[in-house]
Asks: 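What follows is a structure written as structure tokens; I'll ask about it next.
Order of the sequence lines fixes the chain letters, A, B, ..., with proteins taken first and strands second; residue numbering starts at 1 for each chain. Quantities reported herein were computed from a predicted structural model and do not represent experimental measurements.
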Amino acid sequence: MRLFDTLSRTERDLRPIDGSTFRFYCCGPTVYGPAHIGNFRTFVLQDVFRRTLETGGTRTLHVRNITDVDDKTIRDSQAAGKSLAAFTTGWTEKFHADCEKIGLLPPHIEPGAVEHIPQQIAMIATLIEKGHAYASDDGSVYFKISSFAGYGRLSRLDERELDLGKTQNARSSSDEYEKDGLADFVLWKSRRPEDGENFWHSPWGEGRPGWHLECSAMIQEYLGDSFDLHSGGVDLVFPHHENEIAQSECACGGHFAAHWFHITHLLVDGGKMSKSLGNLYTIADLETMGHTAMEVRYVLIGAHYRKPLNFTLDSLSGSREALAKLAKGARHLAANAGEGCVLTTADFGPFQAAWDSLNNDLNTPGALGGLFTGIREASGLTGADAAAALAGFNRVLRALGIVLPEEINHTIPAEIQALAETRWQARLAKNWAESDALRDQLAAQGWQMKDGKDSYILEPSSPA
RNA sequence: GGCGGAGUAGCCAAGUGGUAAGGCAAUGGUUUGCAAAACCGUCAUUCGAGGGUUCGAUUCCCUCCUCCGCCUCCA
């Protein structure tokens, strides 16, 4: 597949460096609260990316970390009166439950920052040894930006008129740490009173690792010096990923990531989502409003990953109808294919355009459009042709990670069933007044009665 | 101030130097006692504004307007 690369600013074909397995790393969540749909836009697109590679026959190795130690996790665990480990474990479990609901494949490896502190300390030692880092008097360690000529390539720092020193100076005046270069970033933070019991021993004294370092250390551990692709939200380009490159290339000497895949933030109602505006949604919030996680997924893949996605409750409502339409199309194809007509094809039939879209810079909205168009084109097919089309349809669907809603056989309470039967008789007797009244009565109890020619269907009224 | 991105129908949203995918909503019809459902249709002479290049631009160039993100933790 072809994918845009943030570093070279070009679209490039993706090929595993080792010729067999595509190895990639995604910056995972900081577990101090529930993940919101903005976080999930990134994770869902990364998931579609992986599924597309796999559907195309490429084996993958997917690593995504859990950040379980930083200012926020320490602060909030203390506020909650829990140990850091107990606190982050709880949120990690919640995160996993959300991931499963929204259809994310679990990463092959999901390392946590705390359990990799020895690796981080080792990397710091290497950096000091090579002259890329220095310890300050208080026991903190900093990366020396001036020692790495390539600093700023990813975020085009050198093309900005941003005077690093000056800008950082204004913002760093209250910083308690001591560093030489004002833009130098921390690798090891010396212990502070507010850290409580959350500190580890190091050659430079008690403290904890800096945030940027954990990813570098875990990548080194699981993917080595060079690997295929690194991904995250756009906000991580600077400084997080810029710093990772500096640390890793200086410590390991490799080329680090061959490709950078960044997902643009989503907007809510046209603006940044934030707690204070009351538009920061979690999956649980949306479920409470009657939407499913799969409907959320549909909305999240409804825009190209490099464009802002304007999330609205209206678009979320529309996704239910869209998914139902796809499900209907699939059932239609299956019916036309007939019993026992199993066919696996090498091509995608009417869904070739949808598949091509995915492979062309992960154009998920294009693929979605291709799905609907393909269904219309395939509607006249029968037998083996229909079966082949269905196979293509299912492969694209799998790549998108969409699980279609199934036709549900509802359990109908006896009194509802009786009420419906009474109405049906009234209707047969052409007693319209009573019939309509009973229909309203059923509706009031949450059941919708749809009249057919010779029978009727009872369905729960769709949630508001 | 610097860097980056976006402006396409009521909403969400693809796309292309050659005359605008798709979804939702809306709406017409068939059907129905009426609805709902289902099925069949309709739905942007136009792509923020103004110039320019071109046989031809929404797509390339310039100017302007508006919006958003980043530059501090952030997916």
Asks: Within the structure shown, what part of the strands sits under 4.0 Å from Leu267(A) by heavy-atom distance: base, sugar-phosphate, or nothing?
Replies: sugar-phosphate
Asks: Scan Gly232(A) against the nucleic acid and name what it touches under 4.0 Å (heavy atoms): base, sugar-phosphate only, or nothing.
Replies: sugar-phosphate
Asks: Other residues, nucleotides and ligands only: do more than 12 of their heavy atoms fall within 6.0 Å of OH on Tyr281(A)?
Replies: yes
Asks: Distance check needed: G33(B) C1' versus Lys450(A) NZ, whole Å only.
Replies: 20 Å
Asks: Closer than 4.0 angstrom, basic N to acidic O: yes or no for Arg439(A) and Asp436(A)?
Replies: yes
Asks: Could you check how far CZ of Arg423(A) sits from P of A35(B), rounded to whole Å?
Replies: 14 Å
Asks: So what does Gly369(A) hit on the nucleic acid, given a heavy-atom distance under 4.0 Å: a base, only sugar-phosphate, or nothing?
Replies: base
Asks: By nearest nucleotide on RNA chain B, pick out whichever of Ser317(A) and His265(A) is the more 5' one.
Replies: Ser317(A)
Asks: From the set A75(B), A13(B), U32(B), return the single nucleotide nearest to any side-chain atom of Arg427(A).
Replies: U32(B)
Asks: Applying a 3.5 Å limit to both distances, which nucleotide forms a Watson-Crick or G-U wobble pair with G33(B)?
Replies: none
Asks: Quick one: is the NZ or CZ of Arg427(A) closer than 6.0 Å to the six-membered ring centre of Tyr456(A), and within 45° of its axis?
Replies: no
Asks: Is the shortest side-chain N to carboxylate O distance from Arg208(A) to Asp71(A) below 4.0 Å?
Replies: yes
Asks: Which of these nucleotides, A35(B), A14(B), G69(B), is closest to any side-chain atom of Asn363(A)?
Replies: A14(B)
Asks: Could you go through Asp451(A) and Arg423(A), starting from their C-alpha distance and side-chain angles, then the distance that decides it, and tell me whether this counts as salt bridge (Lys or Arg N to Asp or Glu O under 4.0 Å)?
Replies: CA-CA 11 Å; Asp451(A) 300 337; Arg423(A) 172 174 176 272; 2.9 Å; yes
Asks: State plainly whether the residues Asp195(A) and Lys189(A) are in salt-bridge range, i.e. N to O under 4.0 Å.
Replies: no
Asks: Under 4.0 Å, heavy atoms only, any strand: does Arg331(A) hit a base, just the sugar-phosphate, or nothing?
Replies: nothing
Asks: Assess the pair Tyr222(A) and Tyr25(A): is the distance between their ring centroids shorter than 6.0 Å?
Replies: no
Asks: Taking all non-hydrogen atoms of both residues into account, name the closest pair between Asp184(A) and Ile145(A) and its distance.
Replies: OD1-N, 3.0 Å
Asks: Taking NE2 from His240(A) and C1' from U72(B), how many angstroms apart are they, rounded to a whole number?
Replies: 15 Å
Asks: Using a 4.0 Å heavy-atom cut-off, does Arg376(A) contact any base of the nucleic acid, only the sugar-phosphate backbone, or nothing at all?
Replies: sugar-phosphate
Asks: Tell me, please, whether Phe348(A) has Arg395(A) positioned over its six-membered ring: NZ or CZ under 6.0 Å from the ring centre and within 45 degrees of its axis?
Replies: yes
Asks: Specify whether His62(A) and His108(A) have parallel, tilted or perpendicular ring planes, treating 30° as the upper limit for parallel and 60° as the lower limit for perpendicular.
Replies: perpendicular
Asks: Can a side chain N or O of Lys325(A) be found less than 4.0 Å away from OP1 or OP2 on G23(B)?
Replies: yes
Asks: Expressed as a whole number of angstroms, how long is the span from Leu358(A):CG to G22(B):P?
Replies: 18 Å
Asks: As a test of reading the structure: which of C12(B), C73(B), G23(B) is closest to the side chain of Lys72(A), going by heavy atoms?
Replies: C73(B)
Asks: If C70(B) has a Watson-Crick or G-U wobble mate with both distances under 3.5 Å, name it; if not, just say none.
Replies: G2(B)
Asks: So, is Arg64(A) near the phosphate of A75(B), with a side-chain N or O under 4.0 Å from OP1 or OP2?
Replies: no
Asks: Distances under 3.5 Å only, N/O to N/O: pair up the protein atoms with those of nucleotides 38-40 of chain B.
Replies:
from	atom 1	to	atom 2	distance (Å)
A38(B)	OP1	Lys328(A)	NZ	2.7

Asks: With a 6.0 Å cut-off on the ring centroids, do Phe43(A) and Phe95(A) count as close?
Replies: yes
Asks: Do any of residues 432-439 of chain A sit with a heavy atom less than 4.0 Å from RNA chain B, and if so which?
Replies: Trp432(A), Ser435(A), Asp436(A), Arg439(A)
Asks: Considering heavy-atom distances to RNA chain B, does Ala322(A) or Gly28(A) have its closest nucleotide positioned more toward the 5' end?
Replies: Ala322(A)
Asks: Only one of Leu309(A), Leu362(A), Leu45(A) passes side chain to side chain contact (heavy atoms under 4.5 Å, CB included) with Ile263(A); say which it is.
Replies: Leu45(A)
Asks: Counting only non-hydrogen atoms, which of residues 299-313 of chain A are less than 4.0 Å from RNA chain B?
Replies: Gly302(A), Ala303(A), His304(A), Lys307(A), Pro308(A), Leu309(A), Asn310(A)
Asks: Would you say CD of Glu406(A) has more than 12 non-hydrogen atoms from neighbouring residues, nucleotides or ligands within 6.0 angstrom?
Replies: no
Asks: With a non-hydrogen cut-off below 4.0 angstrom, is Gly452(A) in contact with a base, only sugar-phosphate, or nothing?
Replies: nothing
Asks: Check every strand shown and say whether Asp71(A) touches a base, only sugar-phosphate, or nothing at a heavy-atom separation below 4.0 Å.
Replies: nothing
Asks: Using atom CG of Asp440(A) as one end and atom C1' of C34(B) as the other, report the distance to the nearest whole Å.
Replies: 12 Å
Asks: Quick one: Asp314(A) CG to A26(B) C1', roughly how many Å, whole number?
Replies: 14 Å
Asks: Thr30(A) side chain: which of C70(B), A75(B), G23(B) is closest?
Replies: A75(B)
